[in-house]
Amino acid sequence: MAPRSPPLTAFGAGKVILLGEHSVVYGHPALAGPLSQGVTARGVPAKQCQLALPSNLSRPQRAQLTAAFARAAEATGSPPVKVTLDADLPLAVGLGSSAALSVACARLLLMAAGKEPTPRDAARVAWAMEQEFHGTPSGVDHTTSAEERLVLYRRKPGTTVGKGRVVDSPEPLHVVVALAGERSPTKATVGALRERQARWPERYTRLFTEIGRVASEGARAVEAGDLEALGDAMNVNQGLLAALGLSSPPLEEMVYRLRGLGALGAKLTGAGGDGGAVIGLFLEPGPAVTKLTRLGVRCFSSQLAGPRAV
Ligand code: MEV
């Protein structure tokens, strides 16, 4: 493929984890799907490969983004393009915004370099960026964003890489995403859990193993079109996340609100902690979004998988 001349546009989807956050870090499966919201990268011709940094970033954030972009430029042969970014996704709340940004940049630079932005290549370049953002993430975020499909993801034991198996849904999977409380940084939540796990390994390993089982059962429920079973798996997963010390009053309150509004299942999604994102699985998400918005809750709905209305 010849290098495509800018202007170019590429999108990276945000993600939600339906089942299996945290235990995925320890090698158990997680079920995650792409949001229709995400990050768009745009490229125009330039003398060298460069990123226009968003003006609202702190100094450490600018340094981190610059370093991450340099990794993507290096991996794609530094095509001469100037990249700008635009997000329609709430940032740093557990919805995979850094992975969305990484996949958008990866796709754009691959195209500018004349390469096909396949999910595999986009994931490879995005992974290099994600390591600048997170250190040692499980890889579920950027894999889901690069595949843009519902995946059952598993990190290969003893490695930092993993694989996502695409899960087909015969039914439309609609979620409502609602924000609650003050978000704790993922690194801190993952680190504190690791300390507890190191102290009481048998108990924590039992809980991680059970969450992994629930995630696999949830994937089978999706494939069978059994949304009630998926919803139940989400509720059980929420209980296990609370047992691991990853929930909090604002998250629990939002979980119960979504269930009260008719969710088949509801749970925190992402890292959890003092606050962040909560998802509810709905057959009809519209009325819940309208009601929550009226109450001043930041929320939106997204279809993660399945046939779309025409
Ligand atoms: C990432 O969105 C959620 C965690 O499982 C961390 C990871 O997978 O790297 C908490």
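Counting convention: from 1, in listed order, for ligands and their atoms alike. What you see is a predicted model; the values in this text were computed from it and never measured. Nothing fancy with the numbering, it's 1 onward along the sequence.
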**Study point:** Residue, atom name and distance, where the atom is the protein heavy atom closest to atom 8 (O) of ligand 1
**Key:** S138 OG, 2.6 Å

Exercise for review: Any atoms of ligand 1 less than 4.0 Å from a non-hydrogen atom of V24? List them with their elements.
Suggested key: 5 (O), 8 (O)

Point to revise | Interatomic spacing from OH in Y26 to CG in L207 - rounded to 0.5 Å | key: 12.0 Å

Exercise for review: For atom 3 (C) of ligand 1, find the nearest protein heavy atom and state the residue, atom name and distance (0.1 Å precision).
Suggested key: I17 CD1, 3.9 Å

Study note, to complete from the structure: Separation between OG (S23) and CD1 (I17), nearest 0.5 Å, reads 9.0 Å

Check your understanding: Can you tell me the protein heavy atom closest to atom 5 (O) of ligand 1 and the distance?
Key -> H22 N, 3.0 Å

Check your understanding: Just checking, any donor-acceptor pair under 3.5 angstrom between side chains of S98 and H134?
Key -> yes

Check your understanding: Near V140, which atoms of ligand 1 are under 4.0 Å from a heavy atom of that residue?
Key -> 8 (O)

Review point. With a 3.5 Å cut-off and no angle check, do the side chains of T205 and E202 form a donor-acceptor pair?
Key: no

Practice item. Decide whether an N or O pair under 3.5 Å exists between E21 and ligand 1. Key: no

Review point. OG1 of T118 to CG of L110: how many Å apart, nearest 0.5 Å?
Key: 7.5 Å

Check your understanding: Considering only protein heavy atoms, which is closest to atom 6 (C) of ligand 1, and at what distance to one decimal place?
Key -> V25 CG2, 3.9 Å

**Study point:** atom 1 (C) of ligand 1: the protein heavy-atom neighbour that sits closest, reported with distance to 0.1 Å
**Key:** D141 OD1, 3.5 Å

Check your understanding: Could you give all pairs that pass the salt bridge (charged side-chain N to carboxylate O under 4.0 Å, His left out) test and reach residues 214-236, with sequence neighbours left out?
Key -> R165-E223

Check your understanding: Do any pairs count as a salt bridge (charged side-chain N to carboxylate O under 4.0 Å, His left out) and have a residue in residues 55-79, sequence neighbours left out, and if so which ones?
Key -> R71-E132

**Study point:** Those atoms of ligand 1 less than 4.0 Å from some heavy atom in P137
**Key:** 9 (O)

Revision key, fill the gap. Only one of T293, V177, T290 passes side-chain contact (heavy atoms from CB on, under 4.5 Å) with C299, and that residue is T293

**Study point:** Proximal atoms of ligand 1 relative to K15 (non-hydrogen, under 4.0 Å)
**Key:** 2 (O)

Review point. Do any heavy atoms of H134 fall under 4.0 Å from ligand 1?
Key: no

